[in-house]
Chemist: 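Here it is, the structure, as structure tokens.
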Amino acid sequence: MPKEIYFTIMILSAENLSRSYGDRVLFENISFNVEEGDKYGIIGVNGTGKSTLLKMIALNDIGSKEGKLTIPGNIVIEYLPQDPPFEPEATVLEQIFKGNSPLITLLRDYELAVEAVDNDPDNEKLQKQLLELQQKMDNEYAWQLESEAKAVLTQLGIQNLQQKMSELSGGQRKRVALAGVLVRPSDLLILDEPTNHMDNSTVAWLEQELLKRKGALLMVTHDRYFFDRVVNRTLEIDNGQGYVYVGNYSLFLEKREERRIAEASAAQKLRNIYRRELAWISRGAEARRTKKKDRVERFAQLEAEVKNVHTESNLEMSSVSSRLGKTIIEMENIGMVYDGIDYIKDFSYILLRNDRIGIVGANGAGKSTLMDIIAGKCKPTSGILTIGQTVKVGYFAQHCEFERPQDRVLEYIKEANNYIETADGQRISAAQMLERFLFPPELQWVPIGKLSGGEQRRLYLLRVLMSAPNILLLDEPTNDLDIPTLSVLEDYLDTFGGAVIAVSHDRYFLDRFAQKIFAFEENGSIAYYPGNYSDYERYLQDNKNAVAVQNNGYGKAAYDTAKNAQKKFGTKAGEVKSVAQQTNEFITEPAKKKMTYGERLELEKMDQEIARAEAELKMLDVQINGCGSDFVKLGELTKQQETAQIHLDELMERWMYLSELAENS
């Protein structure tokens, strides 16, 4: 039998792509091919030109001296930049159906025809045009595309399809642009940071959409779980050079380490040869006259190669913080109401010295508002916020606006501190810290406005850390920070001597650093879950499974089947169980409740919580005894004592319940 022959469709071929701005080289001589089904992820430190490379390919903007890009004429590309353009007066649906493909043109003509008939319902000519377009829509199966567009927009949280683009927030406009590139048919989808400003559930949905998609993908993302699950090819830009790896993020880490070890070995061999040749050529002037000319020339070439050997520069952060006193941050019945909506309702928490808290929730739920309240940037509409005298908050906000973009990089950092002292006693200057943050001396005198968006975020992070805070608030730190910077930030948090609270949609980041999760739920309530994000997801899944178990131990589907049979065929009540048995979906006996993973973690930490509550009660007793005749203070402390006692009782009751559950599991 003849062998089957498989043909792959070439999407694009990039050869020796290069780009520089003035004397600054972003990358040079990068080459790779994209075929049908390839899903490329691009990785590299901010400022290496990842977004520039995507734009060059999407717009086919390759200069005559900057390489060669081959894209077949029938290949359709859809491109989502970090800041997508939009037409202010266009509606959401009109913005979605931008493009020049025949199907998109048909949909756009149909939407315009519907609007025209609505405005002039008695116009027979317009009615005829609409009927003709409806027939074309039937023939081209275009209704499915329109339906899909509306479904995708709904999934992305866009409900009003007739709303003008100018009325949407920046995040909403980005989601409309994302919906557009997902819906419009294309052979190559180019996405620049698609998960920025998305909540966790939407990121998980997008992940599944891209996995189902058959076309090729070229993407920059800093979400490592997203990268790992979607990508099957990795393009690394490192020190201006491009390296292609077949595999996802996990495989890339392995292969990159192998490459670096091989490069280090080759560089060491080159230096050894250079030292030997240097010793030979450095002999006396008399001997030098007898040296072979070709060997002298080879030495000059070798010397140039040694100077060009790249020495690996790693981003480093030293954990520095100010002394933290006994009272840190205490929130008592905090509430925030805006336009009659409860964004935060009756939230209380006493921040502990080494807390590592991740905050999750839907977009617009109030996460950033809570961070602003803790940072003292806005006041709650109800409740009491107490901040200790020694607390020094470092707030890495979601949006960093530089008041003077003309300022030099070094000047901006020196405003925070000229130098810092690390935990091991080292004194590091602002210029040295900038070098550790991959800002070499030549970049330190560049105006801030000339930096890339990612470089500006990295600079802003350094400024926050240079102030030596003892409480860190991080609002979406994974937006616009590259993966190498995130990895080192996580290492920094491991040794940071204070509390950390972070709002993030990055599941990898939350798994890496968080020990508690605060989840924004309905009506402004904030629920507490012990553990990291994966623990939180397991808890939700366990809870979902528990709800699915029906009364009397029957599975829901089996129970519904039995009840329907009883109603339809007159089955006697005693025979309901028999009908349920035949579905093979029931549980013969009511299942005993088993301890979930989240509950097991909670029990492990319960002793510490109880001890803390008991210590708080003892402290209040001491303060009450020392009040003397200050009856106002005595009344306040007594009220606090009652609240603390109720809290301790609730903890003890919960501990007893979990202990019994553990014994029966």
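FYI, the numbering just counts along the sequence from 1.
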Chemist: Between the side chains of Glu490 and Arg356, is the shortest nitrogen-to-carboxylate-oxygen separation below 4.0 Å, so that they form an ion pair?
Modeler: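 No.
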
Chemist: Decide yes or no on side-chain contact (heavy atoms from CB on, under 4.5 Å) for Leu12 and Thr70, but give the supporting numbers first.
Modeler: CA-CA 6 Å; Leu12 69 86; Thr70 304; over 6 Å; no

Chemist: Between Asn248 and Asp228, does any side-chain donor sit less than 3.5 Å from a side-chain acceptor?
Modeler: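 Judged by distance alone, the side chains do pair up.
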
Chemist: Would you check if the side chain of Arg184 reaches a backbone N or O of Ile96 as a donor-acceptor pair within less than 3.5 Å?
Modeler: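 Yes; at least one donor-acceptor contact below 3.5 Å.
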
Chemist: State the CG-CD distance between Leu153 and Glu148, to the nearest 0.5 angstrom.
Modeler: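 These two atoms lie 10.5 Å from each other.
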
Chemist: Mind checking whether Leu191 and Val220 have side chains closer than 4.5 Å, heavy atoms only?
Modeler: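 They are not in side-chain contact.
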
Chemist: Do Ser186 and Arg213 get their side chains close enough for a donor-acceptor pair, meaning under 3.5 Å?
Modeler: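 Present: a donor and an acceptor within the cut-off.
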
Chemist: Quick one: does any side-chain atom of Arg175 pair with a main-chain N or O of Leu156 as donor and acceptor, under 3.5 Å?
Modeler: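 At least one qualifying donor-acceptor pair exists.
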
Chemist: Within the side chain of Thr234, is there an N or O that forms a donor-acceptor pair under 3.5 Å with the backbone of Gly247?
Modeler: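 Side chain of Thr234 to backbone of Gly247, a donor-acceptor pair under 3.5 Å: yes, one is there.
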
Chemist: Does the Thr202 side chain pair with the main chain of Met198, one donor and one acceptor, at a distance under 3.5 Å?
Modeler: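 Side chain of Thr202 to backbone of Met198: no pair is present.
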
Chemist: Between Asn33 and Ile11, is the side-chain contact (heavy atoms from CB on, under 4.5 Å) condition met? List the steps.
Modeler: CA-CA 8 Å; Asn33 294 327; Ile11 303 296; over 6 Å; no

Chemist: Treating Lys214 as the side-chain partner and Glu36 as the backbone partner, does any N or O pair qualify as donor plus acceptor under 3.5 Å?
Modeler: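 A pair under 3.5 Å: no.
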
Chemist: I'd like to check Val503 versus Met371 (side-chain heavy atoms, cut-off strictly below 4.5 Å). Are they in contact?
Modeler: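 Yes, side chains in contact.
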
Chemist: Students often mix this up, so state it plainly: with edges at 30° and 60°, are the rings of Tyr508 and Tyr249 parallel, tilted or perpendicular?
Modeler: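 Aromatic pair Tyr508/Tyr249 classed perpendicular.
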
Chemist: State the OG-OH distance between Ser250 and Tyr225, to the nearest 0.5 angstrom.
Modeler: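 Here the interatomic distance stands at 9.5 Å.
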
Chemist: With a 4.5 Å cut-off on side-chain heavy atoms, are Ile359 and Phe520 touching?
Modeler: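 Yes; the side chains approach each other to less than 4.5 Å.
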
Chemist: Would you check if the side chain of Asn232 reaches a backbone N or O of Lys39 as a donor-acceptor pair within less than 3.5 Å?
Modeler: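 At least one qualifying donor-acceptor pair exists.
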
Chemist: So, do Phe86 and Leu168 sit near enough that their side-chain heavy atoms are less than 4.5 Å apart?
Modeler: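 A side-chain contact is absent here, since even the closest heavy-atom pair is not under 4.5 Å.
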
Chemist: Could you go through Ile42 and Met219, starting from their C-alpha distance and side-chain angles, then the distance that decides it, and tell me whether this counts as side-chain contact (heavy atoms from CB on, under 4.5 Å)?
Modeler: CA-CA 6 Å; Ile42 303 179; Met219 171 177 67; over 6 Å; no

Chemist: Over 60° means perpendicular and under 30° means parallel, so classify the ring planes of Tyr40 and Phe32, tilted if in between.
Modeler: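 Because their plane-to-plane angle lies in the 30° to 60° range, the rings of Phe32 and Tyr40 count as tilted.
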
Chemist: Any salt bridge (Lys or Arg N to Asp or Glu O under 4.0 Å) involving residues 153-172? Give me the pairs, sequence neighbours left out, ordered by first then second residue.
Modeler: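 Residue pairs passing salt bridge (Lys or Arg N to Asp or Glu O under 4.0 Å), neighbours aside: Glu89-Lys164.
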
Chemist: Not counting sequence neighbours, list each pair that qualifies as a salt bridge (Lys or Arg N to Asp or Glu O under 4.0 Å) and has a residue in residues 44-55.
Modeler: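 Passing the test, one end in residues 44-55: no pairs.
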
Chemist: Name the one of Asn532, Asp494, Asp506 that satisfies side chain to side chain contact (heavy atoms under 4.5 Å, CB included) with Arg512?
Modeler: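 Of the listed options, the one satisfying the test is Asp494.
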
Chemist: Residues two or more places apart in sequence or in another chain: which of them pass side-chain hydrogen bond (donor to acceptor under 3.5 Å, both in side chains) with Asn60?
Modeler: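 Not a single residue meets the side-chain hydrogen bond (donor to acceptor under 3.5 Å, both in side chains) criterion with Asn60.
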
Chemist: Determine yes or no for a side-chain-to-main-chain donor-acceptor pair under 3.5 angstrom, with Thr91 supplying the side chain and Gln162 the backbone.
Modeler: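 No: the side chain of Thr91 does not pair with the backbone of Gln162.
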
Chemist: Could you tell me whether a side-chain N or O of Asp342 sits under 3.5 Å from a main-chain N or O of Ile344, the two making a donor and an acceptor?
Modeler: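 A pair under 3.5 Å: no.
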
Chemist: Rounded to the nearest 0.5 Å, what separates atom CG in Asp109 from atom CD in Glu132?
Modeler: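 So the CG of Asp109 and the CD of Glu132 are separated by 12.0 Å.
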
Chemist: Measuring from Leu253:CG to Ile43:CD1, what's the distance to the nearest 0.5 Å?
Modeler: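 Output value for this atom pair is 7.0 Å.
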
Chemist: With rounding to the nearest 0.5 angstrom, report the CD to OG distance, Glu87 to Ser166.
Modeler: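 Reported to 0.5 Å precision, the distance equals 11.5 Å.
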
Chemist: Could you walk me through whether Phe27 and Gln241 satisfy the side-chain contact (heavy atoms from CB on, under 4.5 Å) test, starting with their C-alpha distance in whole Å, then the side-chain angles of each, then the deciding distance to 0.1 Å, before giving a yes or no?
Modeler: CA-CA 6 Å; Phe27 52 82; Gln241 302 300 307; over 6 Å; no

Chemist: Do any N or O atoms from the side chain of His222 and from the backbone of Glu193 form a donor-acceptor pair under 3.5 angstrom?
Modeler: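 Answer holds: no.
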
Chemist: In this structure, is the centre-to-centre distance between the rings of Tyr536 and Tyr539 below 6.0 Å?
Modeler: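 When the ring centroids of Tyr539 and Tyr536 are compared, they turn out to be at least 6.0 Å apart.
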
Chemist: Can you tell if the side chain of Pro530 reaches within under 4.5 Å of the side chain of Lys516, non-hydrogen atoms only?
Modeler: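 Side-chain contact under 4.5 Å: no.
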
Chemist: Going by atom types alone, do Ser452 and Glu455 pair a side-chain donor with an acceptor below 3.5 Å?
Modeler: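 Side chains of Ser452 and Glu455: pair found under 3.5 Å.
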
Chemist: If I take atom CG from residue Leu473 and atom CG from residue Asp372, how far apart are they, to the nearest 0.5 angstrom?
Modeler: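 One gets 9.5 Å once the value is rounded to the nearest 0.5 Å.
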
Chemist: Answer with yes or no whether the side chains of Ser51 and Gln82 bring together a donor and an acceptor at under 3.5 Å.
Modeler: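 The criterion, which ignores hydrogens and geometry beyond distance, is satisfied for Ser51 and Gln82.
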
Chemist: Using side-chain heavy atoms (C-beta onward) and a distance below 4.5 Å, is Phe226 in contact with Leu206?
Modeler: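 Answer yes - side chains close enough.
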
Chemist: Any side-chain to backbone donor/acceptor pair from Lys367 onto Gly361? Under 3.5 Å, distance only.
Modeler: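 Between the backbone of Gly361 and the side chain of Lys367 there is a qualifying donor-acceptor contact (under 3.5 Å).
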
Chemist: Using a cut-off of 6.0 Å, state whether more than 12 heavy atoms not belonging to Lys345 lie near its atom NZ.
Modeler: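 For Lys345, atom NZ is not crowded (no more than 12 foreign heavy atoms under 6.0 Å).
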
